[in-house]
2 protein chains.
Amino acid sequence: MSNVSFPGAQTIPGTKATLGSLLRRPYEYLQAKVYGELSARGFPDIRPAHSSLLRYIRPEGSRVVDLAERAQITKQSMAYLVGDLEGLGYVTVVPDPDDGRAKRVMLTTRGQAVWTTLIELSLAAEVNCAELIGADDMATLRRILQNLSQALETQGSGAS
Amino acid sequence: MSNVSFPGAQTIPGTKATLGSLLRRPYEYLQAKVYGELSARGFPDIRPAHSSLLRYIRPEGSRVVDLAERAQITKQSMAYLVGDLEGLGYVTVVPDPDDGRAKRVMLTTRGQAVWTTLIELSLAAEVNCAELIGADDMATLRRILQNLSQALETQGSGAS
DNA sequence: TATAAATGGACAGATAGTCTGTCTAAATAA
DNA sequence: TTATTTAGACAGACTATCTGTCCATTTATA
């Protein structure tokens with residue numbers, strides 16, 4: 001079930017797939033799978049763009065600027081997502097007790113439900129992938145990607 | 001040079017990073033790097049969206065429907081990209097000799113230049129990553145991702 | 001303490017890149 | 001020969017992003 005089809009393979013014969021395309025394909029597969037199933041689970045109004053908020057919101061609530069900074073988008077864009085999810089009933093916005101300018105974005109009960117479901121489905125999709133390539137390779141894949149992410153992070157903020 | 005900064009790390013403490021996020025981070029890094037440098041190389045008007053066309057166009061030229069099918073977008077969306085790149089001088093559109101309804105999208109000289117440069121920069125970005133994690137791990141990463149892609153492809157089009 | 005600077009967010013407007021729906025012309029099948 | 005399918009064009013809509021400007025509040029400074 002949840003038959004996610006797959007884009008065409010090779011462009012120019014004799015050209016090796018770029019690392020980017022090797023990363024992109026499974027990523028897009030996972031995203032399609034997770035958001036497809038999310039819809040089937042009763043959250044059809046949650047779209048991939050919303051993940052910029054859902055990924056970074058904290059249980060105590062988060063301010064728009066913080067969410068924007070973590071998601072690497074402008075605060076206006078994040079405000080748009082907040083407004084959208086607020087209208088859909090997934091978040092509420094309350095005044096920040098510590099800062100009169102600020103507001104806190106908080107998950108509603110439904111928001112928490114979608115958050116949990118997203119984690120659940122992501123995990124399930126990963127298990128599915130692990131079945132395809134084997135648990136050992138999945139562990140290795142995770143380890144290497146984790147290393148790479150960390151190395152890029154330090155490279156990005158650190159040395160020239 | 002080309003200091004690409006990196007989004008925040010963890011959401012909820014005690015939550016493992018999803019496979020999706022592990023794939024996404026390096027992918028977005030690569031994309032930012034490649035398109036940033038592409039701009040510096042004299043192609044500032046090429047945007048990531050154009051890659052849907054550039055990735056799949058063939059040297060003999062390709063029809064819009066074929067490009068759309070490979071890129072997994074509607075033909076209208078692909079037509080928009082074709083029109084855009086045509087206006088920018090990267091592709092030309094000629095009538096298909098074998099089919100009076102169809103047209104062939106072909107890379108201009110400048111289009112071929114950008115194509116070559118994209119491959120070059122992608123390769124360079126991969127080498128950069130390989131330096132960070134080591135050549136062995138990069139080879140392993142490639143192997144596993146290739147397996148995964150292929151497995152997902154056959155799963156997607158094949159068994160339920 | 002009074003004022004200047006920085007910060008969190010709101011509002012307005014623009015744009016890119018995607019979609020659906022409808023249409024024509026040409027090719028293919030019945 | 002007629003019906004169906006296919007390639008693409010056109011119109012319209014919408015999502016998710018951006019820039020620019022503004023206000024209110026907080027923080028730093030003179």
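Labels below follow one simple rule: chain letters A, B, ... track the order of the sequence lines, proteins then strands, and each chain is numbered from 1.
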## Note on the structure
Judged by nearest nucleotide, the residue sitting upstream toward the 5' end of DNA chain D, A:K75 or A:D84, is A:D84
### Message
Without decimals, in angstroms, what is the distance between A:R63 CZ and C:dA10 C1'?
### Response
16 Å
### Task
Report which part of the nucleic acid B:D96 touches: base, sugar-phosphate, or nothing (heavy-atom distance under 4.0 Å, all strands).
nothing
### Matching residue for A:S62 among A:K103, A:R70, A:M78, A:R104 - test: side chain to side chain contact (heavy atoms under 4.5 Å, CB included)
A:R70
### Task
Round to the nearest Å and state the distance from B:E69 atom CD to D:dG8 atom P.
13 Å
### Message
If I take atom CG in residue A:L53 and atom C1' in nucleotide D:dT15, what distance separates them, rounded to the nearest angstrom?
### Response
16 Å
### Summary
Between CG of A:L88 and P of D:dA16 the distance, given in whole Å, is 10 Å
### Query
To the side chain of A:R101, which of D:dA7, C:dG8, C:dA16 is closest?
C:dG8
### Query
For the pair made of CG in B:D99 and P in D:dT5, what is the distance, rounded to whole Å?
17 Å
### Message
I need the CG-C1' distance between B:L67 and D:dG8, as an integer number of Å.
### Response
13 Å
### Message
Taking 4.0 Å as the cut-off, does a side-chain nitrogen or oxygen of A:S77 come that near to OP1 or OP2 on D:dC18?
### Response
yes
### Minimum heavy-atom distance between B:L22 and A:S149, given as atom pair plus value
O-OG, 4.2 Å
### Summary
Of C:dG17, D:dC18, D:dA16, the nucleotide closest to the side chain of B:Y80 is C:dG17
### Query
Taking for each residue the nucleotide of DNA chain D bearing the nearest heavy atom, is the 5' side occupied by A:S52 or by B:Q76?
B:Q76
#### Entry: Electrostatic pair A:D66-A:R58, nearest N-O below 4.0 angstrom
no
### Task
Give the minimum heavy-atom separation between B:C129 and B:M138, together with the two atoms involved.
CB-CE, 3.4 Å
### Nearest heavy atoms of B:A17 and A:R142, plus distance in Å
O-NH2, 2.7 Å
#### Entry: Any A:T74 side-chain nitrogen or oxygen under 4.0 Å from OP1 or OP2 of D:dC18
yes
### Query
Think A:R47 has a side-chain N or O under 4.0 angstrom from the OP1 or OP2 of D:dA16?
yes
### Summary
B:I73 atom CD1 is separated from C:dC19 atom P, nearest whole Å, by 6 Å
### Out of D:dG8, C:dG17, C:dG8, whichever nucleotide has its closest atom nearest the side chain of B:A102
D:dG8
### Task
Considering just the side-chain nitrogens and oxygens of A:K103, establish if one lies under 4.0 Å of OP1 or OP2 belonging to C:dA10.
yes
### Task
Using whole Å, report how far CG of B:L81 lies from P of D:dA9.
13 Å
